[in-house]
There are 2 protein chains.
Amino acid sequence: MVTLAEVARHAGVSASTVSYVLSGKRTISAQTRERVERSIRELGYHPNAGARALASSRSNIIALMMPLRTEMYLPVMMEIAIAVATTAREHAHDVLLLTGQEGPEAMRRVAGSGLADAMILMDVELEDERLPLVRETRRPAVLIGLPADTGELTCVDLDFAETGRQCVTHLAGLGHREIAMVGEAAAVYERRTGFAERTILGVRERAAELGVRVLHRPCEGTYESMAGTLSRIFDERPGTTAIIVQNEEVIGPMLSLLRQQGRAVPEDISVVAVCPEQVATQQAVALTSVAIPAFEMGRRAVELVMARVRAEATGAPAATHTELLPPTLTVRASTGPAAGVPVANAPSAGAR
Amino acid sequence: MVTLAEVARHAGVSASTVSYVLSGKRTISAQTRERVERSIRELGYHPNAGARALASSRSNIIALMMPLRTEMYLPVMMEIAIAVATTAREHAHDVLLLTGQEGPEAMRRVAGSGLADAMILMDVELEDERLPLVRETRRPAVLIGLPADTGELTCVDLDFAETGRQCVTHLAGLGHREIAMVGEAAAVYERRTGFAERTILGVRERAAELGVRVLHRPCEGTYESMAGTLSRIFDERPGTTAIIVQNEEVIGPMLSLLRQQGRAVPEDISVVAVCPEQVATQQAVALTSVAIPAFEMGRRAVELVMARVRAEATGAPAATHTELLPPTLTVRASTGPAAGVPVANAPSAGAR
DNA sequence: TAGATGTATCGAAGCGCTTCAACGGCCGGG
DNA sequence: CCCGGCCGTTGAAGCGCTTCGATACATCTA
């Protein structure tokens, strides 16, 4: 393995000069720089990560802590992970993948050993057991998801409350007065994962403002569960004319069931989904939806955490804050005027 | 940050003794060991990763290189990644997440810098551009997927050829003589990803042996594509009585479409899927399927790569080899006797 | 022209750990 | 009773890099 010393010898300069060429922390004459860079290329030199970490006490690694829950929708997690890894590389950092398996103890280990300079936590619950550790280890950290108390923390998430509001606004604008919401699995609510709660909160809030009735039902990720949920909804509220879904896994089954029951979308039932763009567009009926900007969330998390790492290095007072990405509702083919509403409320028009 | 030296002072021993307690590479009296361990606990000591890597030239990190292709089925990738991370921890290693973004150059960087001790490559193509680098950097590496030439390489994968054979055997046993295979997106075949090719090879081979006709059609991941594929299949081969699907994304749409067309599963059409267990069981009709053992693949990859790391440390001659996991076909509700075949071939019986 | 300033480079001191050679004490065998 | 061997422990030498003065020289100012 080529070392910095060998590069220095080859270029006829001292080791420190090579180091400064690499880091750019001191001015180096163009001539010397070029000579060193050529030597680096010719010898195929790669700085040793361990030595660098030891000397600089910076590992250039960001830890990404994933949940291990099976109820979470894996594609979104995956997309966030890919976004994190990709964006991290743009900041000359690598990503260490931590699973929930090891428990919160993993955070102590990684922070304590200096393995990672910073952490990004996914799937944060309202009362997350990792929060005390985040506050305790004074390393830069960013949460993807919103805990109950965001004091001293930096968080990124989609604005799910606003997402819920927009869904209701859109449907109410089309004349719907009885809306059902098919939510995540019951376990998600029990665990008090913020996003699910915030969505239904937003839905209820706007529904109250606009005089719309809402029925909320959680739903597991199976076909049977969806079938049961659907029949219960129409049993309890036969007048339901629109459904908001926030459970990617059962969107397909739901559309399939509605068709079987002879309920046309959007003529008899309007459907708004909260799901990744890809899921919305790949259904039999293109769904009006609010996209989950997974990539953007991962990217922003890295940018925020890198800002904090930089701030820490310069001793600046890293401001903590919460960043809620604004949701965007895209109208597609699955929503239309409520059955029995005068045609004046044209489907193409926006909110009333 | 607590250092080893501080632990040594606190325990009243030398630094090397603490190190040996940690590594177990020399005999330490029970008494001393306990004293040291208590100090470690009391001080909350975590060995510094960089220093350790520098001194031992082992980082205890495995790099996991993911593809960046959107056509790949993300949940499977994700499950493999989780399996890798989990298993790696059991071997006291961490996982570095590399995306295809950076290109094969990432391998050189990671190997050259000593950031990772070993690599696991996912989504390997038949003629993968990363293969030369794997052979060149003499670091332990394991591929998930099978390239055309496995010389000098260690690979893990499901035995897709056998998977294809088993699907045909099962269907032929039920009396089916005209089978259609709905495959992955055309791009997957163009890229020459091994698993898709090997499956259809296995299908064709067994079909030829058993005198079954096979029609193979790739299919994109959308509802429309599935609709088109299905109608083309029944146009060209109206006598088709069974379908093998190897494209997780469109399984839902396919079942939905079949129902719409009035084709009952399994009475009119039998369906065998090659997909994760979860996908097979969550459909409206539980699918007879060959599971994709994603977790097992990730786990085996780590075990093989760790064996090679250990072998390298002891100077043993690490044998390279290919490990094909045996597929298992699970009969569920989606396959039955071919229409028009005497009842003697009961659906519950295995292959004839 | 002496002194002040600035620029480009170098030398050396670590960073925290692993590991090797060496050492002292204890044992049993001759 | 002495010696060889073993066990448990230690000191010291790095691992390859960063970074802090210090140095040497060129440039500017009064």
Side-chain angles (χ1 to χ4, degrees), chain A residues 1-37 39-40 43-61 92 109-115 117 313-315, chain B residues 1-37 39-40 43-61 92 109-115 117 313-315:
Chain A
M1 214 76 302
V2 189
T3 71
L4 181 144
E6 297 177 53
V7 173
R9 200 173 322 126
H10 185 273
V13 298
S14 75
S16 42
T17 301
V18 177
S19 179
Y20 286 123
V21 166
L22 252 27
S23 69
K25 292 194 177 171
R26 283 204 182 172
T27 51
I28 296 286
S29 68
Q31 184 191 347
T32 306
R33 178 197 315 291
E34 263 162 46
R35 207 140 38 87
V36 170
E37 280 169 352
S39 297
I40 289 178
L43 300 179
Y45 168 71
H46 287 276
N48 181 88
R52 183 168 259 191
L54 176 57
S56 65
S57 36
R58 306 257 277 93
S59 66
N60 281 26
I61 289 180
R109 180 175 64 83
V110 168
S113 67
L115 224 190
D117 297 333
T314 62
Chain B
M1 214 77 303
V2 188
T3 71
L4 181 145
E6 297 177 55
V7 173
R9 199 173 322 127
H10 186 273
V13 297
S14 75
S16 39
T17 300
V18 176
S19 178
Y20 286 123
V21 166
L22 251 27
S23 69
K25 292 194 178 172
R26 286 213 178 168
T27 49
I28 296 285
S29 69
Q31 183 191 346
T32 306
R33 177 196 317 290
E34 263 162 45
R35 205 140 38 86
V36 170
E37 281 168 351
S39 296
I40 289 177
L43 299 178
Y45 168 70
H46 287 277
N48 182 87
R52 184 168 258 191
L54 176 57
S56 66
S57 38
R58 305 257 278 94
S59 65
N60 281 27
I61 289 180
R109 180 175 64 82
V110 169
S113 66
L115 225 189
D117 296 334
T314 62

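Each chain gets a letter, A, B and so on, in the order its sequence line appears, and its residues count up from 1.
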Using whole Å, what does the distance between atom P of nucleotide C/dG25 and atom CD of B/Q31 come to? 17 Å
CD of A/E34 versus C1' of C/dA8: gap in Å, rounded? 16 Å
Gap between atom CG of B/L4 and atom NE2 of B/H46 - 0.5 Å precision: 14.0 Å
Take atom CG of B/L4 and atom P of D/dG11, then tell me their distance rounded to the nearest Å. 13 Å
Distance in angstrom units between B/N48 CG and D/dC15 C1', rounded: 13 Å
Rounded off to whole Å, could you give me the CG-to-P distance for the B/N60 and C/dC17 pair? 14 Å
Correct closest heavy-atom pair for A/G50 and B/A53 would be CA-CB, 4.1 Å
On DNA chain D, check which nucleotide each of B/R33 and A/M1 is closest to and give me the residue with the more 5' one. B/R33
Whole-Å distance separating the CG atom of B/L54 from the C1' atom of D/dA13: 13 Å
Shortest non-hydrogen contact from B/I28 to B/Y20? CD1-CB, 3.9 Å
Taking atom C1' of C/dC10 as reference, at what distance in whole Å does atom CZ of A/R35 sit? 14 Å
Could you give all pairs that pass the side chain to side chain donor-acceptor pair (under 3.5 Å) test and reach residues 48-58 of chain A, with sequence neighbours left out? A/R58-A/D117
Ranking D/dC17, C/dT9, C/dT18 by distance to the side chain of A/R52, first place goes to D/dC17
Have a look at A/S16 and say if it touches a base, only the backbone sugar-phosphate, or nothing, with a 4.0 Å heavy-atom cut-off. base
Short of 4.0 Å, heavy atom to strand atom, which residues of residues 17-30 of chain A count as contacting DNA chain D? A/S19, A/Y20, A/K25, A/R26
Derivation of the side chain to side chain contact (heavy atoms under 4.5 Å, CB included) call for B/L22 and B/I40: CA-CA 10 Å; B/L22 251 27; B/I40 289 177; 3.4 Å; yes
B/S59 and B/G114 have their tightest heavy-atom pair at CB-O, 3.6 Å
Among C/dT19, C/dC17, D/dT19, which is the nearest nucleotide to the side chain of B/A55? C/dC17
Non-hydrogen atoms of A/I61 and B/L115 that approach each other most closely: CD1-CD2, 3.8 Å
Rounded interatomic separation in angstrom, taking CD1 from A/I40 and P from D/dC17: 10 Å
Would you tell me if any nitrogen or oxygen in the side chain of B/S14 comes within less than 4.0 Å of OP1 or OP2 on D/dT10? yes
